[in-house]
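Proteins come first, then strands; the chains are lettered A, B, ... in the order of their sequence lines, and each starts at number 1. Computed from a predicted model, the values in this text were never measured in an experiment.
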Number of protein chains: 2
Amino acid sequence: MNRAPAEEPRWLTDEEQVVWRSFLDATRLLDDHLDRQLQRDAGMPHLYYGLLVVLSETPRRRMRMTELARQAKITRSRLSHAIARLEKNGWVRRENCPSDKRGQFAVLTDAGLEVLRQAAPGHVAAVRQALFDRLTPEQQKSLGEIMQIVAEGLQPKEAGADLPWLR
Amino acid sequence: MNRAPAEEPRWLTDEEQVVWRSFLDATRLLDDHLDRQLQRDAGMPHLYYGLLVVLSETPRRRMRMTELARQAKITRSRLSHAIARLEKNGWVRRENCPSDKRGQFAVLTDAGLEVLRQAAPGHVAAVRQALFDRLTPEQQKSLGEIMQIVAEGLQPKEAGADLPWLR
DNA sequence: CCCCTCTGCTTGAAAGTTAAACAACGTAGG
DNA sequence: CCTACGTTGTTTAACTTTCAAGCAGAGGGG
């Protein structure tokens, strides 16, 4: 049997600790801030807003469920519930996929596009004010590179990877 | 009456869009990843683990509820629920504050400390593997600076700020 | 064609979070 | 004192997310 190696783990250094805490604090606060802003101004959480945005940028304002889950980095289950709620609001409707009878499209309705148009300016302003306006161009660039690396690291190309939208 | 200015909002540039999407993707994936890791290895979500960590670093392994909420950047309501759950697990217990009869301390139990000890190595490893090991020292430094700025920007010192732990 | 497996998506229950209201205590001013 | 108001923490209900099945259609041998 495999005995656990029981080596002393590589704890975070003091500097790393500080970085990590700042990261947790910033993301928690930012998430909270944007969720609140959108709940107030658009009547939905940030994630749901993001789904509408993705749909709005798509050729016929529609996308297959799994693909939408992949873009949003969430599970299909979560997406199912979210779309159900957005459907109840009249902002999204479902359509069957002609080529695969199991498939569903989520389609952004006119009402959905309208809600987006209403909320977008306030939302961009909030994002700018909380993030971009506080950073130098170099920091913005650096942030982009870092986040790109982390995001890619967490969605490896290999088969069998534990990706939310495949759970 | 104030007429809305209705100026064209400053939309995100293409570069900013890319940065912002990467940020959302990375944080969403990382959150999911660590939540899963801790749910599997410690039987609790990341946030709850963080509460135990904070308590463990405190003089007598205890902290007032509001102060704990402030450190964790969450609402007192959320904390109340979280502590109730951790209490049910036997990892935290509540104690009355002698000097203020409204006050409560959350106290880390021995069992709580033990669960932390068990889970900590795996958790550090996960954080390293997903974040620190992928970044150069310069990037780590930059990330720290950026996150510090964002976090501070979202918790202004002025009275009347909408901070989660004061809601 | 049949069987088996895989894929796409949904469902219902449990767990976690939010928002609003509340009880109880502290505190400052009259 | 005593009143008014702020603070501390909890509670309820509504909402969101997760987890574990589950169902129906696609796909690939035999």
(message) Students often get this wrong, so: under 4.0 angstrom with heavy atoms, is A:Arg36 touching a base, only sugar-phosphate, or nothing?
(response) sugar-phosphate
(request) Nearest-nucleotide wise, let me know which of A:Gly103 and A:Gln39 is further upstream toward the 5' end of DNA chain C. (result) A:Gly103
(message) Any heavy-atom pair between the side chains of B:Ile83 and B:Leu68 that's under 4.5 Å?
(response) yes
(message) Using 0.5 Å steps for rounding, measure from the CD atom of A:Glu57 to the CG atom of A:Leu108.
(response) 11.0 Å
(request) Provide the start and end nucleotides, 5' to 3', of the part of DNA chain C that has atoms under 4.0 Å from heavy atoms of chain B. (result) C:dG16 to C:dG26
(message) Under 4.0 Å, heavy atom to any atom of DNA chain C: which of residues 69-83 of chain A qualify?
(response) A:Arg76, A:Ser77, A:Ser80, A:His81
(message) So, taking the atom named CE in B:Met147 and the one named CG in A:Leu24, what distance separates them when rounded to the nearest 0.5 Å?
(response) 10.5 Å
(request) Output yes when B:Asp162 and B:Arg167 qualify as a salt bridge under the 4.0 Å nitrogen-oxygen rule, no when they do not. (result) yes
(message) Test of understanding: with side-chain contact (heavy atoms from CB on, under 4.5 Å), list the residues that count as partners of A:Arg62, not counting sequence neighbours.
(response) A:Arg60, A:Glu95, A:Phe105, A:Val107
(message) Taking the basic N atoms (NZ, or NE/NH1/NH2) and the acidic carboxylate oxygens, is any pair closer than 4.0 Å for A:Lys141 and A:Glu138?
(response) no
(request) Taking A:Arg28 for its side chain and B:Ala72 for its backbone only, find out whether a donor-acceptor pair lies under 3.5 Å. (result) yes
(request) Within residues 42-67 of chain A, find the residues that approach DNA chain C with a heavy atom at under 4.0 Å, and present them sorted by residue number. (result) A:Arg64, A:Met65, A:Thr66
Every protein N/O within reach of nucleotides 25-28 of chain D N/O, cut-off under 3.5 Å:
| residue | atom | partner | partner atom | Å |
| --- | --- | --- | --- | --- |
| D:dG25 | N2 | A:Arg102 | NH1 | 2.8 |
| D:dA26 | OP1 | A:Lys101 | N | 3.4 |
| D:dA26 | O4' | A:Arg102 | NH2 | 3.4 |

(message) Using 0.5 Å steps for rounding, measure from the CH2 atom of A:Trp91 to the CG atom of A:Leu86.
(response) 7.0 Å
(request) Before accepting this row, confirm whether a basic side-chain N of the pair A:Arg10/B:Asp133 lies closer than 4.0 Å to the acidic partner's carboxylate O. (result) yes
(message) Whether the side chain of B:Asp35 engages the backbone of B:His46 through a donor-acceptor N/O pair (distance < 3.5 Å, no angle test) should be reported.
(response) yes
(request) State plainly whether the residues A:Arg78 and B:Asp32 are in salt-bridge range, i.e. N to O under 4.0 Å. (result) no
(request) Answer yes or no: is there an ion pair linking B:Glu87 with B:Arg93, defined by an N-O contact shorter than 4.0 Å? (result) no
(message) Any salt bridge linking B:Glu152 with A:Arg134? Criterion: basic side-chain nitrogen under 4.0 Å from a carboxylate oxygen.
(response) no
(request) Can you sort out which residues in residues 152-167 of chain B have a heavy atom within less than 4.0 Å of DNA chain C? Ascending by number, please. (result) none
(message) Please evaluate residues B:Phe132 and A:Leu12 with respect to the criterion side-chain contact (heavy atoms from CB on, under 4.5 Å), reporting the C-alpha separation (whole Å), side-chain torsions for both, the decisive distance (0.1 Å), and the verdict.
(response) CA-CA 9 Å; B:Phe132 288 103; A:Leu12 297 189; 4.1 Å; yes
(message) OP1 or OP2 of D:dT10 versus the side-chain N and O atoms of B:Arg94: is any pair under 4.0 Å?
(response) yes
(message) If you define the side chain from C-beta out and look only at heavy atoms, does anything of B:Thr27 sit under 4.5 Å from A:Leu30?
(response) no
